[in-house]
Amino acid sequence: PRSTLPLPTVLRRAPGARVRVSDAASLAGDLDALFALHEARWRSRGEDGVLADPRLRAFHGEAAAGFLALGWLRLRVLEIGGRPAAVLYA
């Protein structure tokens, strides 16, 4: 089952937890983290998930870069122990 703890609770309970805002320097790696987490979740169900398609990943890469340039992108990475544990992409 998936945990739905409020973020402040996660940050208090997990040593080294932090939320980071994606920027131009981290965008590609942050999207890779999103894709990897999404893939892991769907593979655990025996499926690929929609983001397994390289064309869709390329689309999101271009769209996210454009939205970042306009100041519209909300991409946040929850890191625990220096590793991405969750990504919010809006």
Discussion item. Can you tell me how far apart CG (Leu51) and CZ (Arg41) are? Round to the nearest 0.5 Å.
Written reply: 11.5 Å
Discussion item. Less than 4.0 angstrom from a charged side-chain N to a carboxylate O is my criterion; do Arg20 and Asp30 meet it?
Written reply: yes
Worksheet, complete the sentence: Residues passing the side chain to side chain donor-acceptor pair (under 3.5 Å) test with Arg57, sequence neighbours excluded, are Glu39
Worksheet item: Any side-chain heavy atom of Val87 within less than 4.5 Å of one from Arg76?
Response: no
Item to complete: Please work out which of the three classes, parallel, tilted or perpendicular, describes the rings of His60 and Phe35, given edges at 30° and 60°.
Response: perpendicular
Discussion item. Looking at every non-hydrogen atom in both residues, tell me the closest pair between Ile80 and Ala17 and how far apart they are.
Written reply: CG1-CB, 4.0 Å
Worksheet item: Hey, mind stepping through Val50 and Leu56 against side chain to side chain contact (heavy atoms under 4.5 Å, CB included) and telling me if it holds?
Response: CA-CA 8 Å; Val50 69; Leu56 202 52; 3.4 Å; yes
Discussion item. With clusters defined by side-chain heavy atoms of hydrophobic residues (ILVMFWY) lying less than 4.5 Å apart, directly or transitively, does Phe59 cluster with Leu75?
Written reply: yes
Worksheet entry | Nearest heavy atoms of Leu78 and Val19, plus distance in Å | CD1-CG2, 4.1 Å
Worksheet item: With the 4.5 Å side-chain cut-off for hydrophobic clustering, are Val21 and Val77 part of the same group?
Response: no
Discussion item. To the closest 0.5 Å, what do you measure between OG (Ser26) and CG (Leu31)?
Written reply: 9.0 Å
Discussion item. Is it the case that over 12 heavy atoms from other parts of the model lie below 6.0 angstrom from the OH atom of Tyr89?
Written reply: yes
Practice prompt. Can you measure from CG (Leu73) to CG (Leu27) and round to the nearest 0.5 angstrom?
Written response: 6.5 Å
